[in-house]
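In this text, all values refer to a predicted model and were calculated from it rather than measured experimentally.
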Protein chains: 2
Amino acid sequence: MSCGTSLSEWHPHVKADMYSPAMSLHYALLGLLAEAPASGYDLTARFGEVLGHIWPARHPAIYGELGRLAEDGFIELESEGPRRRKAYRITPKGLEEVRAWLTAGEVDHTPRLEPLLRSCFFWLMEPEDLRAYLDREAEYFRSLVEKYTSYAAAKDHGEFGTGARVQSLRVTVEAGIRLYQALADWSDWAARVPPAQPDPEDGIETNR
Amino acid sequence: MSCGTSLSEWHPHVKADMYSPAMSLHYALLGLLAEAPASGYDLTARFGEVLGHIWPARHPAIYGELGRLAEDGFIELESEGPRRRKAYRITPKGLEEVRAWLTAGEVDHTPRLEPLLRSCFFWLMEPEDLRAYLDREAEYFRSLVEKYTSYAAAKDHGEFGTGARVQSLRVTVEAGIRLYQALADWSDWAARVPPAQPDPEDGIETNR
DNA sequence: ACATGACATGTCATCTCTGACATGTTTACT
DNA sequence: AGTAAACATGTCAGAGATGACATGTCATGT
C-alpha cells in the first residue's frame, strides 16, 4: 500500500457517510412537480430533453417513483386525462421535502464522470490511440459548449421569459458551459503531455 | 410540453444507447490490477484513497466483482497470503478487455454531479439560503482545488517518480483541479445572479 | 494467558435502475 | 373502414451497489 489512511477507520462497525445513492430521482421529480402538475409521460419527456443530460432516468424508474411519492403523500393525483393519462400535483408535504433537501441535505460532490475514470488508465493505451481519443473528446466537449452557449444567449435575450425557474435553468446551463469548457481545455492539455518513460517498477508493459 | 424531440423515438421497440450503468467497476478493477497484483483489501484501500473520489466503491461490491472477474478469466489468483489474503493478477484476456474498453468503448459523458441537479431547483430556495449554500459550495470547491494543486506540485517535483501510471494520475488530478476551479467560479458567479421576479406563469410561490 | 486492534474476506436483505416486454387509447392519414 | 403513429402507463427479471452483520487471522502489549 502507498500513502494511506488506516482502513479500519471505515471497516468494522463505523457508521459510513449515509450518502443516498440515488434518492436523487425522488427529489428531482418533486422539483419538477413544484413547477407545475405533470404526468409520468411529461416528466419522462423532460428528462429526455434537459434534465437527462445531467441526471438520466427512464420511464420505469419514473413511474415507479411516482407511485411511491403518491403513496407517501408527497404528491397527489391532480387529474385523469384522455389516454389513461394521470397528472400529479405536489403537496405541501412534498414541497417541504424538496426544500429541506435543498437547504439542509448533505451534498455529494463526487464528480461521477466516466472520462475521468478512464484518464486513470491512460497509461494502458498506445500513445497514438490516446491522442486520437483525446482529440475526439476535446471536439465533443467543444460542441457541447457551443450548444449550451447558444441556449444561454437565447435565454439572455429574453427568449424564454424571466421567471425564477428559467433563471435557475440558466444557472445550470452556465455550469454546463464552464464544466465542458474545462473538460475541452483539459483534453487539449492532456494531448500535449509527453508520453511517459517505461515504468521500471512493475512487470506489465506500459505504453511503449 | 415545451421544446422537444418526439418521445416515440425512444419508446416502443428501439434499441437504446446500451450505456452500461456501472460496468465501470469491472473496468476500474481491471485497470488497477493492470498496475500490479492486489487483493480485495488493497483495492478497497485504493478506492478509499484516490479512485473513490471519482468513482466510489465499497468492499462488498469489490469482492463481488473480483469473484466474477476471476470466474470469467479476466483475473486469476496470484497468491494466498497470511490472513486468508487472496491477491489477484490480471490475465492477458483481462488486459485485452480493459484496453478494448479504453480505445473502443462508448464514452458516457453525463456529468452526474449532484450540485448540478440541485441547481435546477434553486428557484425553490429562499434567496438568503441560496446565497449561503453557494458560498459554502464555493469555499468547498476551492479547498479541493488547493488540495489537488498541492498534489500536482509534489508530482511535478518528481516526488512520486516519473512512470506512466504516475503520469496518468497527474492527468486525472489536472482534470480535478480544472473541474473544481470551474465549479468554484460558477458558484461565485451564481451567487451574484440577481434573484428573479416572481414567475407569473404558475401557481406555486417562487422565492419571494 | 489474554485482550485489543489492524488485517482480510465474506453474506444478505434491500434499494434503485434498466431493457425488454406488454398493453390500451386517440388522432391522422389514406 | 383500416392502419400507422403518437400518446400513455405499466410489469418484471436481473444487474449493481449499499449498510449491516458476521467471521476469521495475526501481531502487539500487558
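Note: CD (Glu71(B)) to P (dA15(D)) measures 12 Å, nearest angstrom. dG16(D) atom P lies 13 Å from atom CH2 of Trp55(B), rounded to whole Å. Rounding to whole angstrom units, CD of residue Glu65(B) and P of dT18(D) are separated by 12 Å. As rounded to whole Å, 8 Å separates atom P of dA8(D) from atom OH of Tyr63(A). Rounded to whole Å, atom P of dG16(D) lies 11 Å from atom OH of Tyr27(B). Spacing between atom NE2 of His59(A) and atom P of dC7(D) amounts to 15 Å, rounded to whole angstrom units. Spacing between atom CG of Leu66(A) and atom P of dT9(D) amounts to 8 Å, rounded to whole angstrom units. Rounded to an integer number of Å, the gap from NE2 of His26(B) to P of dA17(D) is 11 Å.
Across dC7(C), dG16(D), dT9(D), the shortest atom-to-atom separation from the side chain of Tyr41(B) is found for dC7(C). Side-chain proximity of Leu25(B) to the nucleotides dA17(D), dA8(C), dG19(C) is greatest for dA17(D). The side chain of Pro60(B) lies closest to dT11(C) when the candidates are dT11(C), dT9(D), dT9(C).
Using bins of under 30°, 30° to 60° and over 60° for the plane-to-plane angle, the ring pair Phe141(A)/Tyr180(A) lands in the parallel bin. Ring orientation note: the planes of His109(A) and Tyr140(B) are tilted relative to one another, at an angle of 30° to 60°. Using cut-offs of 30° and 60° for the angle between ring planes, the Phe122(B) and Trp186(B) rings count as parallel.
Enclosure of atom CD in Glu76(A) by more than 12 non-hydrogen atoms of other residues, nucleotides or ligands within 6.0 angstrom is indicated.
Between Glu80(B) and Lys86(B), none of the side-chain N atoms (NZ, or NE/NH1/NH2) sits under 4.0 Å from a carboxylate O, so this pair counts as no salt bridge.
Rounded to the nearest 0.5 angstrom, Asp72(A) CG and Glu65(A) CD are separated by 8.5 Å.
Toward the 5' end of DNA chain C, the nearer of the two residues Ser39(B) and Ala61(A), judged by each one's closest nucleotide, is Ser39(B).
For Leu29(A) against Phe47(A), the heavy-atom pair with the smallest separation is CD2-CE1, 3.8 Å.
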All N/O contacts under 3.5 Å from nucleotides 25-27 of chain C to the protein, with atom names and distances to one decimal?
residue: dT26(C); atom: OP1; partner: Pro82(A); partner atom: O; Å: 2.8
residue: dT26(C); atom: O2; partner: Arg83(A); partner atom: NH1; Å: 3.4

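At least one side-chain nitrogen or oxygen of Arg68(B) sits closer than 4.0 Å to the OP1 or OP2 atom of dG16(D).
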